[in-house]
Amino acid sequence: VKEDWQIIKRLVFDKREVDFGEVSVKTRKIINLGVINRSSETLNLKMKSLLVSNCFSVVNALRPLAPMSTSNYIIEFFPILDVHYKDELTFYTENTQGTIKISGKGVSPEVEVNVENGILFMGNTVIGNTIEKIFTIKNLSKFRINYDILSLAKGKKNKNNLKPFTFIPDKGYIDGEKTIEVKVIFNGDHKEYINYYEYVLINVANQKKPHYLFLSACCWS
């Protein structure tokens, strides 16, 4: 029994388990796993196949593991659905094997925009003056997300070719469970009290629910 226990312990890992936590669906996350040879012999490693449906894979190819050395392998997780994935990764040779549990949860990003009903009326101004308003975007997910403000439809254009509505910042990232402020600046260059508007999407890849904003403003002589 003691001899069998010693054989099993020839091949060990530098982690107790590989837990990817929450990962945005259709995005990749990698974790490095150290595989350690505690024996005095070179181990020619093989690996049991992972289930394709569990969305885990080993990126780099297997190679012989020298005595008393460590090889690093990159484990990739690419979730395609909002579910909790689990699998076991097993390396083995003719005389020994090591198994480690791997897990990860696919989640769709979710944000919250503090504009009631998605309608933001900037107000009234005169030619040459500006109006500024601020709205917030909150990342409800536990991981960082990227966003950009995508224009879908526009109303009247300025005669000076400058955009009537400017967003600062109009793209970037939001850390998990954090909130950012976006400043909207309106600057009209001619009289128009109906057709200054813009319809935009707060664009986050694979988000659960899209958020649209309709912005409008009036400009007077």
Side-chain angles (χ1 to χ4, degrees), residues 19-29 55 77-85 103-221:
D19 183 5
F20 286 88
E22 292 188 352
V23 178
S24 175
V25 295
K26 299 181 181 179
T27 63
R28 288 176 171 80
K29 182 177 179 180
C55 303
F77 179 43
F78 184 76
I80 57 175
L81 297 173
D82 285 26
V83 296
H84 198 177
Y85 296 89
S103 62
K105 187 176 182 181
V107 292
S108 293
E110 189 173 5
V111 300
E112 182 178 84
V113 182
N114 73 332
V115 178
E116 187 174 358
N117 299 320
I119 299 174
L120 180 59
F121 177 59
M122 297 289 292
N124 294 271
T125 187
V126 295
I127 297 171
N129 285 359
T130 62
I131 304 172
E132 294 184 3
K133 287 200 173 182
I134 289 176
F135 68 87
T136 63
I137 305 173
K138 182 177 181 180
N139 180 7
L140 302 179
S141 311
K142 294 182 180 179
F143 49 86
R144 175 183 286 190
I145 61 171
N146 294 309
Y147 79 94
D148 64 300
I149 299 176
L150 182 63
S151 182
L152 303 177
K154 296 180 180 180
K156 201 77 171 181
K157 295 181 180 180
N158 276 335
K159 295 178 181 179
N160 60 14
N161 293 322
L162 297 178
K163 294 189 296 183
F165 298 94
T166 304
F167 302 89
I168 303 175
D170 62 353
K171 61 183 176 181
Y173 66 85
I174 312 172
D175 286 327
E177 300 181 320
K178 299 296 183 181
T179 301
I180 65 159
E181 291 186 343
V182 177
K183 180 190 291 186
V184 186
I185 302 174
F186 170 74
N187 188 348
D189 71 349
H190 64 276
K191 182 178 179 180
E192 182 59 67
Y193 55 89
I194 296 177
N195 293 320
Y196 267 130
Y197 68 84
E198 188 162 1
Y199 185 53
V200 301
L201 167 67
I202 309 300
N203 186 37
V204 177
N206 307 310
Q207 63 182 319
K208 283 185 178 180
K209 175 186 175 183
H211 289 270
Y212 301 94
L213 295 183
F214 182 84
L215 302 98
S216 62
C218 297
C219 187
W220 303 86
S221 302

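Since the model is a prediction, treat every value here as computed from it, not as a measurement.
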Atom pair [atom1] ([X]) and [atom2] ([Y]), whose distance is rounded to the nearest 0.5 Å:
X    : Y    : atom1 : atom2 : result
L120 : S216 : CG    : OG    : 7.5 Å
N203 : D170 : CG    : CG    : 12.0 Å
F214 : L152 : CZ    : CG    : 12.0 Å
F20  : F143 : CZ    : CZ    : 15.0 Å
I145 : Q207 : CD1   : CD    : 8.0 Å
Y196 : M122 : OH    : CE    : 13.0 Å

Pairs where residues 156-166 contributes a residue and the test salt bridge (Lys or Arg N to Asp or Glu O under 4.0 Å) is met, not counting sequence neighbours: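 Counting only pairs at least two positions apart or across chains, no salt bridge (Lys or Arg N to Asp or Glu O under 4.0 Å) contact touches residues 156-166.
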
Crowding at CZ, F121 (>12 non-hydrogen neighbours, <6.0 Å):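 Buried by this count: over 12 neighbours within 6.0 Å.
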
Enclosure of K138 NZ (heavy-atom neighbours >12, cutoff 6.0 Å):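 Not buried by this count: 12 neighbours or fewer within 6.0 Å.
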
Side chains of [X] and [Y], heavy atoms from C-beta outward: is any pair under 4.5 Å?
X    : Y    : result
V23  : Y85  : no
T130 : T125 : no
K105 : P79  : no
D19  : F77  : no
S151 : E198 : yes
H211 : I137 : no

Where do [X] and [Y] come nearest, in terms of heavy atoms and distance?
X    : Y    : result
P169 : I149 : O-CD1, 4.0 Å
A205 : P109 : O-CG, 3.5 Å
G104 : H84  : O-CD2, 3.2 Å

Heavy-atom donor-acceptor pair, N160 side chain to L162 backbone, under 3.5 Å: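 Yes; at least one donor-acceptor contact below 3.5 Å.
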
Donor-acceptor pair, side chain of D82 and main chain of S108, under 3.5 angstrom: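 It does hold such a pair.
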
Pair S141-E22, side-chain donor/acceptor within less than 3.5 Å: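 No, no side-chain donor-acceptor contact under 3.5 Å.
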
Donor-acceptor contacts, no H, no angles, side chain residues 174-188, under 3.5 Å, sequence neighbours left out:
unit_1 : atom_1 : unit_2 : atom_2 : d
D175   : OD1    : R144   : NE     : 2.8
D175   : OD1    : R144   : NH2    : 3.2

Verdict with reasoning, Y212 to V113, per side-chain contact (heavy atoms from CB on, under 4.5 Å): CA-CA 9 Å; Y212 301 94; V113 182; over 6 Å; no

Steps toward side-chain contact (heavy atoms from CB on, under 4.5 Å) verdict (F167, L215): CA-CA 11 Å; F167 302 89; L215 302 98; 3.8 Å; yes

